[in-house]
Amino acid sequence: NMSTFKRKRGGKAPGDNKAKKARFIGNASSAPEDEQEKKNEISVPAPVSKGKWTNKERVLIFSSRGINFRTRHLMQDLRTMMPHSKADTKMDRKDKLFVINEVCEIKNCNKCLFFEAKKKQDLYMWISNSPHGPSAKFLVQNIHTLAELKMTGNCLKGSRPLLSFDPKFDKEPHYALLKELFIQTFSTPHYHPKSQPFVDHVFTFTIADNRIWFRNYQIIEEDASLVEIGPRFVLNLIKIFQGSFVGPTLYENPFFLSPNMHRRQIRLATAARLREKQIVKELQSIKKSEAKDDVVRDVTADVFRTPAEEKPVHIETEPPEPKAVKKNKHKAFKRQRMQMARK
């Protein structure tokens with residue numbers, strides 16, 4: 001049967017979306033067969049949604065060369081959470097960014113998450129609506145991957161998430177634009193072939209300290225409480241462009257500080273602290289030397305000092321006389337002297 005074959009393949013038979021009739025077998029002895037069949041027939045209305053996959057959003061998630069292991073794991077986590085995503089090989093850093101629009105066209109994707117690494121320590125993320133725009137560039141900070149967090153939460157792979165946004169997204173126009181971009185990028189299309197018809201986790205986008213904080217929570221069925229799953233990261237907005245990776249700037253964040261400038265300020269602050277310590281050491285050494293001088297020099301020593309009488313200067317014009325040298329005479333012993341005295 002064609003309907004049975006299509007059900008096994010995951011499709012639907014041509015008559016599945018129409019109203020159906022069901023029969024219930026009752027007691028045949030109570031009424032005639034024809035009347036009993038009419039009474040037991042109940043028409044089941046057709047489903048409100050025909051189950052068609054109308055939203056064809058596809059997201060391309062890839063990066064440039066030079067990323068570290070943490071960024072690679074973050075991309076893998078995003079691909080796991082978003083069943084409507086696609087992957088591609090790393091792009092060479094020499095290529096221009098507008099080439100990504102051609103890559104999206106080849107992959108049949110209309111949204112793009114592109115991770116760009118610089119200096120092997122700074123990570124930038126582009127969210128773009130290909131090929132017409134707009135696009136936004138972020139600095140990604142405080143990355144914690146799914147395996148690194150080791151949270152207790154868990155969710156079904158491929159399930160459709162709920163998107164929760166901070167009320168501040170509706171107050172300013174650039175945040176409203178980012179909200180619509182996030183909705184179209186992170187929300188899994190309804191009836192997507194790779195998705196599951198369950199809602200068991202929430203993506204939250206919160207604005208704090210002029211940054212967008214991303215969190216992923218599981219919804220527990222018992223009391224509807226939330227348990228964090230991961231990953232988590234912080235997006236610091238840099239610019240919003242009118243086109244896809246090109247075009248005029250729609251918004252520029254005045255609170256953004258580049259990582260190079262931030263590191264320069266840290267170095268200057270460290271150098272200032274070291275210079276201050278050196279100055280303090282020099283002052284302490286000067287004070288110690290002054291204290292030592294005061295201890296060595298006695299102020300009261302000059303009080304009891306009396307000047308000596310000045311003697312006239314005597315100049316000798318003649319050489320001094322030679323000193324008389326005494327001759328050592330042989331002195332006899334006492335016995336010999338006594339003998340000589342007897343004689």
Side-chain angles (χ1 to χ4, degrees), residues 56-148 177-178 181-182 184-189 194 211-212 214 230-253 256-264:
K56 301 285 185 176
E57 295 284 349
R58 298 181 184 89
V59 183
L60 180 64
I61 302 177
F62 71 117
S63 67
S64 64
R65 296 192 180 276
I67 62 172
N68 54 8
F69 71 98
R70 194 184 300 273
T71 307
R72 185 172 68 252
H73 292 175
L74 176 63
M75 285 197 306
Q76 188 61 36
D77 294 342
L78 291 177
R79 290 168 185 164
T80 305
M81 292 189 306
M82 302 163 63
H84 60 294
S85 63
K86 290 187 177 182
D88 195 22
T89 57
K90 296 178 181 178
M91 194 181 74
D92 195 357
R93 286 180 290 184
K94 296 180 181 179
D95 296 338
K96 300 297 181 180
L97 291 179
F98 62 83
V99 181
I100 300 176
N101 296 325
E102 299 179 2
V103 178
C104 292
E105 186 179 358
I106 294 172
K107 289 286 185 176
N108 197 16
C109 296
N110 49 6
K111 295 290 186 298
C112 179
L113 285 179
F114 177 68
F115 292 90
E116 184 180 7
K118 291 184 178 180
K119 293 187 175 181
K120 295 184 179 180
Q121 56 184 346
D122 301 330
L123 179 64
Y124 297 90
M125 185 176 74
W126 289 80
I127 299 180
S128 173
N129 181 23
S130 179
H132 304 294
S135 60
K137 184 180 181 181
F138 300 92
L139 174 67
V140 187
Q141 300 171 330
N142 300 334
I143 301 174
H144 297 279
T145 59
L146 190 60
E148 180 186 358
L177 177 61
L178 291 178
L181 201 57
F182 288 150
Q184 296 183 14
T185 303
F186 287 94
S187 62
T188 303
K194 294 183 180 179
R211 292 170 174 83
I212 301 174
F214 176 84
R232 57 161 66 174
F233 52 87
V234 180
L235 299 177
N236 192 358
L237 178 63
I238 302 175
K239 286 184 180 181
I240 300 177
F241 298 94
Q242 184 176 356
S244 179
F245 298 97
V246 291
T249 302
L250 298 180
Y251 176 78
E252 184 174 359
N253 188 7
F256 175 72
L257 184 66
S258 65
N260 294 330
M261 187 61 65
H262 181 64
R263 286 190 288 267
R264 182 174 181 271

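Positions are given from 1, in the same order as the sequence printed here.
In this structure, the side chains of L78 and F115 come closer than 4.5 Å at one or more pairs of heavy atoms. Taking 4.5 Å as the limit, every side-chain heavy atom of L123 sits out of range of all side-chain heavy atoms of M125.
Of all heavy-atom pairs spanning L257 and M261, the tightest one is CD1-CG, 3.4 Å.
In this view, R70 and N68, I143, T145, E148 satisfy the side chain to side chain contact (heavy atoms under 4.5 Å, CB included) rule, not counting sequence neighbours. Under the rule for a side chain to side chain contact (heavy atoms under 4.5 Å, CB included), the partners of Q76 that lie at least two apart in sequence or sit in another chain are R79, T80.
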Below 3.5 Å, can you tabulate the donor-acceptor pairs from side chains in residues 57-64 to any protein atom, sequence neighbours excluded?
unit_1, atom_1, unit_2, atom_2, d
E57, OE1, N110, ND2, 3.4
E57, OE1, K111, NZ, 3.1
S64, OG, A117, N, 3.2

Output a table of donor-acceptor pairs, distance under 3.5 Å, between side-chain atoms of residues 81-88 and any protein atom two or more places apart or on a different chain; print 'none' if there are none.
unit_1, atom_1, unit_2, atom_2, d
H84, NE2, T185, O, 2.9
S85, OG, M82, O, 2.7
K86, NZ, K107, O, 3.0

With a 3.5 Å cut-off and sequence neighbours excluded, list the donor-acceptor pairs that the side chains of residues 233-251 form with protein atoms.
unit_1, atom_1, unit_2, atom_2, d
S244, OG, N101, OD1, 2.6
S244, OG, S128, OG, 2.6

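Other residues, nucleotides and ligands contribute only 12 or fewer heavy atoms inside 6.0 Å of the CD atom of E105. Counting non-hydrogen atoms of other residues, nucleotides and ligands closer than 6.0 Å to NZ of K194 gives a total of 12 or fewer.
Within the structure, side chain to side chain donor-acceptor pair (under 3.5 Å) pairs that include any residue of residues 117-127 comprise E116-W126, K119-N260, D122-R263 (at least two apart or interchain). Residue pairs satisfying the salt bridge (charged side-chain N to carboxylate O under 4.0 Å, His left out) criterion with at least one member in residues 125-142, sequence neighbours excluded, are absent.
The distance from atom CG of D92 to atom CG of D95, rounded to the nearest 0.5 Å, is 5.0 Å. Note that the CZ atom of F256 and the CZ atom of R211 stand 9.0 Å from one another [nearest 0.5 Å].
Judged by distance alone, the side chain of D77 and the main-chain N or O of P231 form no donor-acceptor pair under 3.5 Å.
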